[in-house]
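Hydrogens, waters and symmetry mates are skipped; everything else that's a heavy atom, side chains included, is used. In this text, all values refer to a predicted model and were calculated from it rather than measured experimentally.
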Amino acid sequence: MADNELSPAEEAALREKEKAEQDALPYKWTQTIGDLDISATVPGNLKGRDFVVDIKKTTVSAAIKGQPPIIKGDLPHPIRVDESSWTLTTAPNGNKTLDIHLDKINKAEWWAHVVTDAPKIDVTKIVPDNSKLSDLDGETRGMVEKMMFDQRQKEMGLPTSDEQKKLDILKKFQEQHPEMDFSNAKIN
């Protein structure tokens, strides 16, 4: 076993410690690669006006007026403030939930914690949901579609898009210069 590998017992102990640290927080949080959601259960008699919620590019804080914050601190990475929001929803049991949605600027990064002074999670253990091509931005989608096309072409023994482009350029050059003999040319 390599020096940096943990035994199953050590791995389980770390997972249990991480779970206990996260359970001790006054909020729960989840994330996708593009955004992060925080939720906290609050008394059912509260209204939106009873809260002080401040969402900034690099900080977040939320509290019931006159009480210690539910969450307060520096974010590990910047967010899009205009795309971030908070809501108060009523649960079936009569309690309410304060939900805070943060839109990440860097859509290719997992966060180890919501605020920098909170316990971290091991982001290497995150298994992302499968995404659809339609979820990707135009440039990324084009790149993925090209890679998929090239893979299919290789499987069928046909040229990839780049190889086809080179062959087309060569063919055009041959048509423009019929006097040149390309019969012994090796193209790779």
Side-chain angles (χ1 to χ4, degrees), residues 1-8 10-12 14-15 18-19 22 27-39 55-60 73-87 89 99-116 118-188:
M1 187 171 0
D3 291 341
N4 60 350
E5 287 186 36
L6 299 174
S7 72
E10 292 170 324
E11 183 72 31
L14 276 177
R15 292 278 138 249
E18 183 178 286
K19 182 181 179 329
Q22 294 300 311
Y27 55 87
K28 302 291 176 227
W29 64 285
T30 59
Q31 67 179 315
T32 65
I33 197 70
D35 53 28
L36 187 136
D37 292 300
I38 305 160
S39 64
I55 301 172
K56 294 199 167 122
K57 187 173 183 171
T58 59
T59 62
V60 66
D74 295 326
L75 300 170
H77 307 284
I79 60 162
R80 284 188 178 87
V81 177
D82 292 346
E83 299 297 322
S84 299
S85 61
W86 69 276
T87 56
T89 55
D99 294 307
I100 302 172
H101 174 80
L102 304 177
D103 189 57
K104 298 175 181 177
I105 287 180
N106 183 348
K107 305 272 186 201
E109 186 169 36
W110 295 106
W111 289 17
H113 43 201
V114 180
V115 289
T116 55
K120 290 184 177 185
I121 62 165
D122 183 355
V123 295
T124 63
K125 304 295 183 205
I126 295 175
V127 179
D129 293 335
N130 288 334
S131 60
K132 299 179 193 108
L133 274 177
S134 59
D135 293 343
L136 302 174
D137 65 80
E139 184 179 339
T140 305
R141 181 178 178 167
M143 191 181 340
V144 170
E145 287 176 338
K146 179 181 182 290
M147 290 166 56
M148 291 169 57
F149 172 81
D150 288 346
Q151 184 64 35
R152 282 193 304 272
Q153 291 291 96
K154 281 183 183 176
E155 289 170 359
M156 294 187 294
L158 299 171
T160 64
S161 54
D162 291 336
E163 292 166 344
Q164 186 61 49
K165 196 182 292 183
K166 290 176 187 174
L167 290 171
D168 291 346
I169 291 170
L170 177 63
K171 184 177 178 187
K172 187 175 180 183
F173 184 79
Q174 286 175 325
E175 289 171 356
Q176 291 173 348
H177 301 282
E179 71 281 1
M180 297 182 80
D181 179 20
F182 289 93
S183 58
N184 294 326
K186 290 185 179 164
I187 310 298
N188 41 341

Student: Near Asp82 CG, under 6.0 Å, is it more than 12 heavy atoms from other residues, nucleotides or ligands?
Tutor: no
Student: Which heavy atom of Leu75 sits nearest a heavy atom of Val114, and at what distance?
Tutor: CD2-O, 3.3 Å
Student: Tell me, with the steps shown, if Asp122 and Leu14 meet side chain to side chain contact (heavy atoms under 4.5 Å, CB included).
Tutor: CA-CA 9 Å; Asp122 183 355; Leu14 276 177; over 6 Å; no
Student: Check whether any side-chain N or O of Glu83 sits under 3.5 Å from a backbone N or O of His101 as a donor-acceptor pair, and report yes or no.
Tutor: no
Student: Verify side chain to side chain contact (heavy atoms under 4.5 Å, CB included) between Val60 and Val115, making sure each step is shown before the conclusion.
Tutor: CA-CA 8 Å; Val60 66; Val115 289; 3.8 Å; yes
Student: CH2/Trp29 to CD1/Ile121 distance, rounded to the nearest 0.5 angstrom?
Tutor: 4.0 Å
Student: Can you sort out the partners of Lys154 under side chain to side chain contact (heavy atoms under 4.5 Å, CB included), two or more places apart, ordered by chain and number?
Tutor: Thr160
Student: When rounded to the nearest 0.5 angstrom, what is the spacing between CD1 in Ile38 and CG in Leu102?
Tutor: 4.5 Å
Student: Is Glu139 atom CD crowded by more than 12 heavy atoms from other residues, nucleotides or ligands, each under 6.0 Å away?
Tutor: no
Student: Please find the pair of heavy atoms, one from Ala118 and one from His113, that lie closest to each other, and give the distance.
Tutor: O-ND1, 3.2 Å
Student: For Met156, I'd like to know if atom CE has over 12 heavy atoms of other residues, nucleotides or ligands within 6.0 Å.
Tutor: yes
Student: Regarding Asp150 and Lys146, does a basic nitrogen lie under 4.0 Å from an acidic carboxylate oxygen?
Tutor: yes
Student: For His77, enumerate each residue passing the ring-ring contact (aromatic ring centres under 6.0 Å, His included) test, keeping only those at least two apart in sequence or located in another chain.
Tutor: Trp111
Student: Does Lys28, at its NZ atom, have more than 12 non-hydrogen atoms belonging to other residues, nucleotides or ligands within less than 6.0 Å?
Tutor: yes
Student: Would Trp86 and Asp99 satisfy side chain to side chain contact (heavy atoms under 4.5 Å, CB included), going step by step from the backbone distance to the final call?
Tutor: CA-CA 5 Å; Trp86 69 276; Asp99 294 307; over 6 Å; no
Student: Hey, is Glu18 close enough to Arg15 for a salt bridge, meaning N to O under 4.0 Å?
Tutor: yes
Student: Testing Thr30, Ile100, Thr32 one by one against Asp37 for a side chain to side chain contact (heavy atoms under 4.5 Å, CB included), which residue passes?
Tutor: Thr30
Student: For Lys171 and Leu167, what are the C-alpha separation, side-chain angles and deciding distance, and is it a side chain to side chain contact (heavy atoms under 4.5 Å, CB included)?
Tutor: CA-CA 6 Å; Lys171 184 177 178 187; Leu167 290 171; over 6 Å; no
Student: Working to the nearest 0.5 Å, report the span between CG of Asp162 and NZ of Lys165.
Tutor: 6.0 Å
Student: Which residue pairs pass the salt bridge (Lys or Arg N to Asp or Glu O under 4.0 Å) test with at least one member in residues 103-112, sequence neighbours excluded?
Tutor: Arg80-Asp103, Asp103-Lys107
Student: What distance do Gln153 atom CD and Leu158 atom CG have between them, rounded to the nearest 0.5 Å?
Tutor: 5.0 Å
Student: Nearest 0.5 angstrom please: Ile79 CD1 to Ser84 OG, how far?
Tutor: 3.5 Å
